[in-house]
Amino acid sequence: MSQTVDRALSILPLLAQGPADLGQVAERLGVHKSTALRLLRTLHEHGLVYRQQDQRYRLGARLFALAQEAVENLDVREIAHSHLIELNEQCGHTVHLAVYEENEVLYIDKVESRYPVRMYSRIGKPVAITVAAVAKLLLADLTEPERRVIAERLDYPMYTSRSTPNAGAFLRELAVVREQGWATDLGGHEESINCVGAPIRGADGRVVAAMSVSAPNVVVTAEELLTLLPLVRRTADAISREYSGTTPVKKA
């Protein structure tokens, strides 16, 4: 039974490359045509493959519907939460998770620092979009025209002397973030708070969320916080793999 399931599932990535006839499927699987036909008929009955008029097979509409439904039901916060807690336990600092929705970057999860100095950020609250590390990561993933439109529409409040002053500077910073794959906010929103973040990507490689570690400089200097970047990136990569389904979910 397991071999039959394995063979049937092996047909799907083959057809993802384009329509194939019975002979091509049988050859790829290394089985007789009668066996390949039986597998294709089963997949066809479930709507996972479709037989065209030229007798070649392609992926069926049901497969795309299932994939879309799965994507819509993915909850990045639920997937990420245990990873954020683990990161917080390792470093002790505040950990945030954010998404870009309706022209705002919003915090959707937060794990508090173990230190007595706390941040005033709240779940559901928009972030300072022109300076926050998570905002830079989410906007940097957009296309260049999209980034330009957004940058030109934004206001640029000077929260501190290190805040992003204008659209040109913001676009240059987004280009750097897009290239390097991580972002910082070193006193751009509050003089005493530093932050380093990394993106969380879906199966298509696009950024679906961003996470960060933040700490006041009375607890850790900016330079010391930056030493956590490899750990932050590994955590983001682990969430990305679990979110996109490229690694088994950890068992409790």
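Here CZ of R77 is found 12.0 Å from CD1 of I239. Values are rounded to the nearest 0.5 Å. Note that OG of S214 and CD of E190 are 9.5 Å apart. Values are rounded to the nearest 0.5 Å. H32 contributes atom NE2, which lies 11.0 Å from atom CZ of R38 (distance to the nearest 0.5 angstrom). If you take CG on L48 and CD1 on I11, they are separated by 10.5 Å, rounding to the nearest 0.5 Å. Separation of atoms CD (Q180) and CG (L229) is listed at 8.5 Å; rounding is to 0.5 Å. Taken to the nearest 0.5 Å, the NZ atom of K110 stands 13.0 Å off from the CG atom of L84.
Judged by distance alone, the side chain of Y156 and the main-chain N or O of A151 form a donor-acceptor pair under 3.5 Å. Remark: side-chain polar atoms of S113 are paired, donor with acceptor, to backbone N or O of G92 under 3.5 angstrom. Not a single donor-acceptor pair under 3.5 Å links the side chain of S212 to the backbone N or O of G197. The closest donor-acceptor contact from the side chain of Q24 to the backbone of D21 lies under 3.5 Å. With hydrogens and angles disregarded, no donor-acceptor distance shorter than 3.5 Å links the side chain of R58 to the backbone of Q52.
There is no path of hydrophobic side-chain contacts, each under 4.5 Å, that joins I123 to L97. Side-chain heavy atoms closer than 4.5 Å link hydrophobic residues (I, L, V, M, F, W, Y) into clusters, and following such links, even through other members, never connects V207 to L106. The cluster map of Ile, Leu, Val, Met, Phe, Trp and Tyr, joined by side-chain heavy atoms under 4.5 Å apart, puts V105 and F170 in the same cluster. Under a hydrophobic clustering in which Ile, Leu, Val, Met, Phe, Trp and Tyr are joined whenever their side-chain heavy atoms come within less than 4.5 Å, directly or via other members, L154 and V99 fall into different clusters. No chain of hydrophobic side-chain contacts below 4.5 Å, direct or via other Ile, Leu, Val, Met, Phe, Trp or Tyr residues, connects V127 to I193.
At least one side-chain heavy atom of I108 sits less than 4.5 Å from a side-chain heavy atom of V76. D109 places none of its side-chain heavy atoms less than 4.5 Å from the side chain of M211. Here the side chains of C91 and V213 are in contact, with some heavy-atom distance below 4.5 Å. Looking at heavy atoms from C-beta onward, V49 lies in side-chain contact with L12 at the 4.5 angstrom threshold. Proximity of H81 to I85: side-chain heavy atoms (C-beta onward) are separated by under 4.5 Å at one or more points.
Checked against H93 for a side chain to side chain contact (heavy atoms under 4.5 Å, CB included), the options N88, N194, L225 give a single hit: L225. Applying side chain to side chain contact (heavy atoms under 4.5 Å, CB included) to R148 and the options L142, L171, T143 leaves one that passes, L171.
A pairwise comparison of heavy atoms in R62 and G47 identifies CB-O, 3.0 Å as the closest pair. When every heavy atom of A20 is checked against every heavy atom of V25, the shortest pair comes out as CB-CG2, 4.2 Å. The nearest pair of heavy atoms linking R162 to G187 is CB-O, 3.7 Å. Of all heavy-atom pairs spanning T164 and T130, the tightest one is OG1-O, 2.9 Å. The shortest heavy-atom contact between T235 and H83 is CG2-O, 3.9 Å. A215 and V220 make their closest contact through CB-CG1, 3.3 Å (heavy atoms, listed as atom of the first residue, atom of the second, distance).
Salt bridge annotation for D185-K136: absent, with no cationic side-chain nitrogen under 4.0 angstrom from a carboxylate oxygen. Between D54 and R56, at least one side-chain nitrogen of the basic residue sits less than 4.0 Å from a carboxylate oxygen of the acidic one, meeting the salt-bridge criterion.
Annotation: E179, atom CD; neighbour count of heavy atoms from other residues, nucleotides and ligands within 6.0 Å does not exceed 12. Around CZ of R122, the count of heavy atoms belonging to other residues, nucleotides or ligands within 6.0 Å does not exceed 12. Counting non-hydrogen atoms of neighbouring residues, nucleotides and ligands closer than 6.0 angstrom, the CZ atom of R28 reaches no more than 12 such neighbours. For CZ of R51, the number of neighbouring non-hydrogen atoms (other residues, nucleotides, ligands) closer than 6.0 Å is 12 at most. Atom CD of E112 is surrounded by more than 12 heavy atoms from other residues, nucleotides or ligands within 6.0 Å. Taking a 6.0 Å sphere around CZ of R114, one finds it holds more than 12 heavy atoms contributed by other residues, nucleotides or ligands.
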Are L39 and L29 close enough, and set up right, to give a side-chain contact (heavy atoms from CB on, under 4.5 Å), and what steps lead you there?
CA-CA 11 Å; L39 296 171; L29 296 181; 3.9 Å; yes
Determine, stepwise, if the pair R206 / D141 fulfils side-chain contact (heavy atoms from CB on, under 4.5 Å).
CA-CA 7 Å; R206 298 298 304 274; D141 190 60; 2.8 Å; yes
Applying side-chain contact (heavy atoms from CB on, under 4.5 Å) to L139 and R147, what does each step give before you reach the verdict?
CA-CA 7 Å; L139 297 184; R147 298 197 302 269; 5.6 Å; no
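For the ring pair (Phe, Tyr, Trp, His ring centres under 6.0 Å) test, no residue two or more places apart in sequence or in another chain qualifies with Y50.
Aromatic ring pairs are classed by plane angle as parallel below 30°, tilted from 30° to 60° and perpendicular above 60°; the pair Y107 and H96 is parallel.
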